[in-house]
Amino acid sequence: MQKWKLWSTEKRSSRVLYALVGLIIIVFALFWLIGFDRPFDDDPNFNSPLFTDALLIVTALIFLFGVGLAVWSVVRSARTIGKSDRTVNNIPVRRISMTVLVSTVVVMLLSFVLGSSKPMVINGQSYTDGFWLHVSDMFIVTSMLLIVAAIAAVVYGATKYNRKS
């Protein structure tokens, strides 16, 4: 464990990434390759994969870890970026942080309010709860918009990056 503390941030993050990717590959391989074609007891027209529970648990744990890490990061940033540290190396750190936070919350609220609550039929079962339909639509739309914004930021950064010789 002491070696872990001596590693650089890049080395730590890459090891965590490799571990997560390995775990995800193993779980999805188990899901798709072992017992995927088992018929569902109540309706043999549907599959009941053997490792569905494992996949759902790993997905939930990764999601909860991500949410917890995001909350911790926001709290930590709010504490470390005081009023005296509004700019670091002529970069408006506080303004960028607040803009990202506020715009994410606004996008989530708008996509919740404007989201569809039209009932859906999935696997023969009707889903009619308007609140949860709005919530699921909010997460889908917000995720898509944030992915598009991230791609746009990467493209913008790649085209505006000039290395001085």
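In what follows, every heavy atom counts, from backbone to side chain, and hydrogens, waters and symmetry copies are set aside. The shown structure was predicted, so the numbers you read here are calculated from the model rather than taken from an experiment.
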*Over all atoms of both residues, closest heavy-atom pair of F40 and S48*: CA-CB, 3.7 Å

*Backbone of S116 reached by a side-chain donor or acceptor of D137 within 3.5 Å*: yes

*Less than 4.5 Å apart, any side-chain heavy atom of S73 and any of R76?*
no

*Do R38 and L50 touch side chain to side chain, with heavy atoms closer than 4.5 Å?*
yes

_To the nearest 0.5 Å, what is the distance between CG on L110 and CE on M138?_
11.5 Å

*With a 4.5 Å limit on heavy-atom distance, are the side chains of V107 and L146 in contact?*
no

*Can M108 be reached from V141 by stepping across I, L, V, M, F, W or Y side chains whose heavy atoms are under 4.5 Å apart?*
no

_Separation of T52 OG1 from L30 CG (nearest 0.5 Å)_ = 11.5 Å

*Within 6.0 angstrom of F36 CZ, more than 12 heavy atoms from elsewhere*: yes

*Is I24 reachable from F31 through a run of I, L, V, M, F, W or Y residues, each pair having side-chain heavy atoms under 4.5 Å apart?*
yes

_Short side-chain to backbone donor-acceptor contact, T142 and F139, under 3.5 Å_ = no

*Rounded to the nearest 0.5 Å, what separation is found between the CZ atom of F131 and the OG atom of S117?*
12.5 Å

*Enter the distance from L61:CG to L56:CG here, rounded to the nearest 0.5 Å.*
11.0 Å

*State, with a plain yes or no, whether a side-chain heavy atom of Y127 is found less than 4.5 Å away from one of W132.*
no

*Taking a hydrophobic cluster as the set of Ile, Leu, Val, Met, Phe, Trp and Tyr residues connected by side-chain heavy atoms closer than 4.5 Å, whether directly or through intermediates, do Y18 and V21 fall within one such cluster?*
no

*Qualifying residue, where the test is side-chain contact (heavy atoms from CB on, under 4.5 Å) with V27 and the options are I62, L55, I57*: L55

*Could you grab the distance from atom CD1 of I25 to atom CG of L20, nearest 0.5 Å is fine?*
11.0 Å

_Nearest atoms (heavy-atom pairs only) where H134 meets G115_ = CE1-O, 2.8 Å

*Would you mind reporting whether L133 and M120 have side-chain heavy atoms less than 4.5 Å apart?*
yes

_pair W72-L69: side-chain heavy atoms closer than 4.5 Å_ = yes

*Approximate separation, where rounding is to 0.5 Å, of L33 CG and F51 CZ*: 10.5 Å

